[in-house]
S.K.: 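Please read through the structure below; I'll follow up with questions.
Every chain is numbered from 1, with letters handed out A, B, ... down the list of sequences. Quick note: numbers below take in every heavy atom, side chains included, and nothing from hydrogens, waters or symmetry partners.
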Amino acid sequence: MENLLKDKVKESIRYLYSSEVTDDLIQVQETRKDFQGDFTLVVFPLLRFSKNTPEQTGRNIGEYLVDNSDFVSGYNVIKGFLNLEISASWWKEYFIRASSEGVNLLAECSVKDPQVILVEYSSPNTNKPLHLGHVRNNLLGYSLYRILSSCGHKVIKTNIVNDRGIHICKSMLAWLKYGKGETPESTGIKGDHLVGKYYVIFEQKHKAQVEALMQEGFDENEARNRSSLMKEAREMLLKWEAGDKETVGLWERMNSWVYSGFDETYRALGVDFDRIYYESETYIAGKEIVLDALEKNIVYRNSDNSVWIDLSQYELDQKLLLRSDGTAVYITQDIGTAVKRYKDYGFDKTIYVVGNEQNYHFQVLRSILKKTGYHWADGLIHFSYGMVELPEGKMKSREGTVVDADDIIREMKNTARGLSAELGKLGDYPEEEKEEIFRKIGLGALKYFILKVDPKKNMTFNPAESIDFNGNTGPFIQYTYARIKSVFRKADQMGIVPEPSRISKAVPGSKEIELIKLVRKFTGIVSEAASGYTPALIANYCYELSKEYNQFYHDFTILGESDPNLRDLRLELSNLISRIIYTAMWLLGVEMPERM
RNA sequence: GGUUCCGUAGCUCAGUUGGAUAGAGCAACAGCCUUCUAAGCUGUGGGUCGAGCGUUCGAGUCGCUCCGGAAUCACCA
């Protein structure tokens, strides 16, 4: 519609002022609610052609559009703004097209040049269970996948598991020393939590040793290095790297516990992956690439045998790539992973969903790859998101203020159950189906709460208040959807089948037209969210739409409407909006209950 | 100290490529359930958009300088 209008405006200026204007000077936007009209042309940029007052210019163009187009039915000029009214017949035609069966709501979002895009998200460590920060990460990554693939891109969901390093040895060691052979089966504890428990035990025992050593007069750093536990952990890491059978066996065993625990959490969150990479499999590739670059003199070796790269041409520092003992550092693994992925998929883009604490890291990674001669390095996108904080401040694992993912998921569901009982909902519904609905609501509340916030901002998560089911929340949108579904169940009972031929009643400025306008906006929002990688746009739009519908719902009766034309229009409108809400929430990964 | 990000109502957040009188929800107060779900709707109060300068017909939005907060700058991952 905007394009149609723009073309007409161009034409009018050619006719009225004999001038050609460029697209960027023609600004068409939706008319603000408090003014009459549907679209508004900002005339200020056009004054240079008309050499006239804004008011007169607006009137001239408005006049031309009404006379020379079949969709502009009226206009008014306020200051430098030309408000145009679109004819009801145009809206009607649009609506009938949009509401007819078989119209794919996402078809219009399709991009012209589909790309192969890798989305990496989750990236857990195998020594700790997932927490709220991971939840934000997973939800953002999964939603990006849905949005981008809905726009026609070929998207591959990947996860990189950080499964090697000293931190893993810590939990292994603690389990050997204090574990008494505990397993997830023998204790009933979820695997990732069990391993996490031993990581904490290690830290506690280690801390006690360090304190004892400090009493003996060592300073803190030295005490850390001298503690017997730390020594044993380092020895274990060496054994692991040397491929010691027993150590690797234990490592595999404990990792398998962790993975089954993670799988359970991923399933609960509704996310999955097409391909999982393990750092234990890529760090060697990274080392080889660095050594290769060393031969080509792209990187250099220091006198102490460590390997560095000079990134001053990218306004960065010298970065270490290999330690003096020849082992890989974090970024070396990432180089290996990136190259391996390019070999595997030949991607156009790789989107790394990783917290903003690693902004610098990804700047460095891209520069290294560029300098090393990988032309596709520009396709690396760090989708940087902000921290999740608690009302008391940041989450700190040391202080036990971390919100565990499994806990919060369970809590949200319990709250949904409690609230439902309090409100007397779903009274005589089968228990099993109720539980499924509570799961959808609780999880929907959590997902929406996190996704509606601009990803790059730090956000505050208040466990007590987050489970607010009023206002701009997932359950509010789910509720709107469930209520529409209910209208249709009732219509079925009453034997009402809307006839498309009757949809003709929408009058300019009516609530129905307002809703149709929002419907029209949908594809634009999805495209914008895809190009900007921000699910939050879709979330907030969906709330706006739901809110508008709720008002509509209260202002009018639908089934009780005596005029069948109006009733069918409202039914069709409800139907279309429920489909949009469903699709929008689907893009966010939020499931929708049919009733609640 | 260098770099990056953030700062909008008491709180949590929106605010499209710069457009008209800056919007929701929560919290507070006042109303609305015999008709399609009240997890809803309506109304009231609440703002120097961190501060200043600049660009522009027009700045919450763009530029510069400050102020405040966060992250990062490891032979940690």
S.K.: When the P atoms of B:A30 and B:G50 are considered, how many whole Å apart are they?
M.R.: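 Taking atom P in both B:A30 and B:G50, they lie 34 Å apart.
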S.K.: What's the gap between B:G58 and B:U3 when it is taken at their C1' atoms, as a whole Å value?
M.R.: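 Straight-line distance between the two C1' atoms is 34 Å.
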S.K.: Taking atom C1' in both B:G60 and B:G52, compute the distance separating them and give it to the nearest angstrom.
M.R.: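 B:G60 and B:G52 have their C1' atoms separated by 16 Å.
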S.K.: Which part of the nucleic acid, if any, lies within reach of A:K485 when heavy atoms closer than 4.0 Å are counted: base, sugar-phosphate only, or nothing?
M.R.: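 It contacts nothing in the nucleic acid.
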S.K.: Using the rule for Phe, Tyr, His and the six-membered ring of Trp, do A:F81 and B:G19 stack at under 5.5 Å and under 30°?
M.R.: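 No; by the centre-distance and plane-angle rule, A:F81 does not count as stacking on B:G19.
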S.K.: Under 4.0 Å between a side-chain N or O of A:R483 and OP1 or OP2 of B:A38?
M.R.: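 True: A:R483 side-chain N/O within range (under 4.0 Å) of B:A38 OP1/OP2.
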S.K.: Just wondering, do A:F44 and B:G58 stack (centres under 5.5 Å, planes under 30°)?
M.R.: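 It does not: the ring fails the test against the base of B:G58.
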S.K.: Where each residue is assigned the nucleotide of RNA chain B containing its nearest heavy atom, which of A:M596 and A:Q27 is assigned the position nearer the 5′ end?
M.R.: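 It is A:Q27 whose nearest nucleotide is closer to the 5' end.
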S.K.: What is the separation between atom CD on A:Q358 and atom C1' on B:C73, rounded to the nearest whole Å?
M.R.: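 It works out to 13 Å between those atoms.
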S.K.: Please evaluate the base of B:A20 for a donor-acceptor partner in the side chain of A:N83 within a cut-off of under 3.5 Å?
M.R.: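 Pair found.
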S.K.: Using the P atom on both, measure B:C6 against B:U17 and round to a whole Å.
M.R.: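 Going atom to atom, P in each nucleotide, I get 15 Å.
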S.K.: Counting side-chain heavy atoms from C-beta on, which of B:U37, B:A24, B:U12 comes nearest to A:Y543?
M.R.: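 Among the listed nucleotides, the one closest to the side chain of A:Y543 is B:A24.
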S.K.: How far, in whole Å, is B:U8 from B:G46 if one measures between their C1' atoms?
M.R.: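 My reading of the C1' atoms in B:G46 and B:U8 gives 14 Å.
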